[in-house]
Amino acid sequence: MPKSQFIDPKDIRKSGKLTFGSIPVNQYKRNITDEKKNFSNDDFIRIYRDMVIIREFENMINDIKIKNEYRGIAYNHPGPAHLSMGQEASAVGMAYNLTVDDLIFGSHRSHGEILAKGLSAIHQLTENALMEVMKTYFGGRVLAVVEKDHKGTVRELAIRFLLYGTLAEIFARENGFNKGLGGSMHAFFTPFGVYPNNAIVGGSGDISVGAALYKKVNGKSGIVVCNIGDASMACGPVWEGISFATMDQYTQLWEEAYRGGLPIIFNCMNNQYGMGGQTCGETMGYGMVARLGAGVNAEMMHAERVDGYNPLAVIDAFKRKKAILLDKKGPVLLDTLTYRFSGHSPSDASSYRSKEEVEAWQNVDSIITYGRTLNEAGITPVASLDSIKQNIIEEITGILKLSIDDNLSPRLNLSTNPDAIAELMFSNGSVDSLDDRKPESLIPLEENPRVKSLKTKQRFYLDKEGKPVSKAKLFQLRDGIFEAVIDRFYKDPTLVAYGEENRDWGGAFAVYRGLTEAMPYHRLFNSPIAEGAIVGTAIGYGMAGGRVIAEIMYCDFIGRCGDELFNQLPKWQAMSGNLIKMPVVIRVSVGSKYGAQHSQDWSSLIAHVPGIKVVFPTTPYDAKGLMNSALQGTDPVVFFESQRIYDVGEQFHEEGVPEGYYEIPIGEPDIKRKGSDITILTIGSTLYMALKAADKLQNEYGISAEIIDARSLVPFNYDMVIESVKKTGRIVLASDACTRGSYLRDVASNIAEMGFDYLDAPPVVVGSRNWITPAYEMEEYFFPQVEWILDAIHERIIPLKNHTVTSDWSVETQMKRSRLGV
Ligand SMILES: Cc1ncc(C[n+]2csc(CCOP(=O)(O)OP(=O)(O)O)c2C)c(N)n1
Ligand SMILES: [Mg+2]
């Protein structure tokens, strides 16, 4: 809580009542004659055309899925296809007034939204702009296929491009909008403002909020629409995204120019089912999705239910809601009522609903109803509508032929280039700043009190006389991180940092002390206690074009942002065909002393997931250099920090920690002490334990240990380790992670394979016990100790003369523990 806001017990304890206003439900009353003021005949007809394009596109996919054939063209599509037949009016109505600067995010059922938004963009952009988009996208390779033999207008060409890029993506072809790596549930096309669609139900709920944050913080025009299903309204990311989007600080604390709500519409495509579960009456209790807005903020999120079976009602609602956002009064919750008469997927037998129900909705099918209305209002004869439909069928038939032609539309060739996907996993960029604006700050860098105080600190742990420097005078590991972070704040105007206690508290572990004085609210702020949203919004912020540092206060809390860390952060660069960049750094502090739920090193879990760079520095010099690299790059980095060593000084880099900027490449381990008889490879603060073990080995047993600090887990260059093993013939690996399934087990097995010829004994891993972390007073029985390292060497690698073991390294015990699962 900022000190500027006084929590007065007199006010807080007053009695009273909370009252809620009313939420409009299907209030749209205009008829087509009224709407003639707002739409030309061409507009009315275009709305119809767009709905039919979506319907026929999905008809085609449905036929392919069910009959392996569409209009005589045979094809087998084994992948997913969640169709939205019946929902076309809600998609077209949503997209109608959105510009290309307005971004939409969606779900597994978003083909219709992609096409609707794309068609709307094609209508709005100039022909030159359209040609530019098509020529530059993947170097024009998508365009090349549809351009051949095309005789129509540029806009018609662009429609072909849209249909082909989407269908080729669904069929996993390289010409697809995401090189075939997204597929049906994840296809998107950012030049038209179509951002990632998410196969994880509710996955867009927090990511989209991050994109809205990007718009707001960087003064970019446009709004964000988060299209999600009615069942996803139960999901954590959606609730956390809503909490993040409605924080009071936007309207109460942020500086004048930035004051106001986030520009986002949570648009629930309410088809009333989540697979076979009925959200109203069975799996949820909201009755109407719109009701949820009432509990969130005083504006009740401007919630409203709108009839998504009438495209004009949806257009009207989006127009009004967009105006609210542009007036900085967002966010908004829309409950767009709709119905899919297609199954959840083509194999769905619809056992959960009656034939009568489906027919009742088919009877009010928006395409038929709207077409009839146009005809009755004298806007267009039935024959014209029929011919629109016929043309669309022909067009889609042509697109299908192009998309399944293996010569025109091949897949990524993993036979000729087995690394084709590997090459798309990371972007490996190096960028000083993601925007040209001057970075905003409250004071010049030199005037910052912490920057000034750091100038007086000792940057090496020993003074000139070789005596240890006191903690008060020492430049510590936390200072190394701070210097990298503040430097980037003054270089990159897009950089924002947030998490729990990031502002007034100075970061839970004082890494950010001094930043609050330097940075305006919109660049540094406290988030809600919502780890999912902390990481999810960071992903959206990065995707939209900004750089972000989000913080998870304790490593144990990464379970709270599991989906964001495992399914979202690592995947979108590759799933976009490497068009999206992800300059997102997640700082994760590894705890100690606080028992089972605050003291786990889960770096192995993150390292297991392909697509994230993982670092774990343990010295001030490394922490600063690696943070600089992380903040210069364009890839997601999970940056582990150990609470045990935030206050250590630099012991290894003899010149001390440089004041200026330098980078340490991610992926390179570092020899912290040279030796010749045995290698000890460590991750995290176990380095300091290993140093003590090395002292003992030398002093008591005459064994010289070489100590290598991994520094990074992913990527990881084995050269130095293999070279060391060639010399020593022996290796122990130690970290605080529980031993079973740990990253060091993986490294050990790789070393056994790659360095077998040089090894005199198998690599041995010393990790924590496979238990809960006990209380601080019992930690010595859980985390690796100096003696454990010596015992492991003695028992498994090389007998140490007169050594008395204190921990049990017998094979029998190892097998027994494994049998018991502990
Ligand atoms: C986290 C997660 N849980 C379950 C699923 C399986 N699943 C896919 S779609 C779906 C129903 C989603 O319903 P809703 O959000 O209303 O979207 P709709 O399918 O109706 O468009 C489920 C349960 C999933 N993809 N992700
Ligand atoms: Mg649904």
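Residue indices begin at 1 and follow the sequence shown. Only this structure's heavy atoms are used, side chains among them; waters, hydrogens and symmetry mates stay out. Remember, it's 1-based here, ligands and their atoms both numbered in the order they're listed. These numbers were taken from a predicted model, which means no experiment stands behind them.
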At a non-hydrogen distance cut-off of under 4.0 Å, which region of [X] contacts ligand 1 (side chain, backbone, both, or neither)?
| X | answer |
| --- | --- |
| His108 | side chain |
| Cys235 | neither |
| His344 | side chain |
| Asp230 | both |

Atom 4 (C) of ligand 1 - nearest protein heavy atom and its distance: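 In this structure, atom 4 (C) of ligand 1 has Val201 CG2, 4.3 Å as its nearest protein heavy atom.
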Got the closest protein heavy atom to atom 25 (N) of ligand 1, with its distance?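 Going by distance alone, atom 25 (N) of ligand 1 is nearest to Ala199 O, 2.9 Å.
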How many degrees, to 10°, between Tyr273 O and Asp230 OD1 as seen from the Mg ion (ligand 2)? 110°
Just to be sure I'm reading this right: ignoring hydrogens, which of Gly274, Cys268, Gly276 gets closest to atom 13 (O) of ligand 1? Compare them by their nearest heavy atoms. Gly274
Min over Met275, Arg109, Gln87 of heavy-atom distance to atom 11 (C) of ligand 1 lands on Met275
Any Lys/Arg nitrogen of Glu113 or Lys117 sitting under 4.0 Å from an Asp/Glu carboxylate oxygen of the other? no
N/O of Arg340 under 3.5 Å from N/O of ligand 1, yes or no? no
Taking only residues two or more places apart in sequence or in another chain, which ones pass side chain to side chain contact (heavy atoms under 4.5 Å, CB included) with Ala574?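 Partners of Ala574 under the side chain to side chain contact (heavy atoms under 4.5 Å, CB included) test: Met425.
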Just say parallel, tilted or perpendicular for the rings of Tyr309 and Trp361, cut-offs at 30° and 60°.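 Perpendicular: the ring planes of Tyr309 and Trp361 meet at over 60°.
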Taking the inter-plane angle between the rings of Tyr273 and Tyr339 on a 0 to 90° scale, is it parallel (under 30°), tilted (30 to 60°) or perpendicular (over 60°)? perpendicular
Strictly under 6.0 Å, is that where the ring centroids of Phe177 and Phe192 end up? no
So that I know where these two stand, are Tyr541 and Tyr214 an aromatic pair - ring centroids less than 6.0 Å apart? yes
Asn271 near the Mg ion (ligand 2) via N/O/S, less than 2.8 Å: yes
If we only consider heavy atoms of Ser107, is any one of them less than 4.0 Å away from an atom in ligand 1? no
Show me which atoms of ligand 1 lie under 4.0 Å from any heavy atom of Ala231. 13 (O), 14 (P), 15 (O), 16 (O)
In ligand 1, which numbered atoms sit nearer than 4.0 Å to a non-hydrogen atom of Asn271?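 The list of qualifying atoms is 18 (P), 20 (O), 21 (O).
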Close side-chain approach of Ser120 to Tyr96, heavy-atom, < 4.5 Å: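 The answer is no; the side chains never approach within 4.5 Å.
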For His344, does its backbone N or O pair with a side-chain atom of Arg109 as donor and acceptor, under 3.5 Å? yes
Asp335 side chain vs Arg305 backbone, donor-acceptor pair below 3.5 Å: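 No, Asp335 side chain to Arg305 backbone: no donor-acceptor pair under 3.5 Å.
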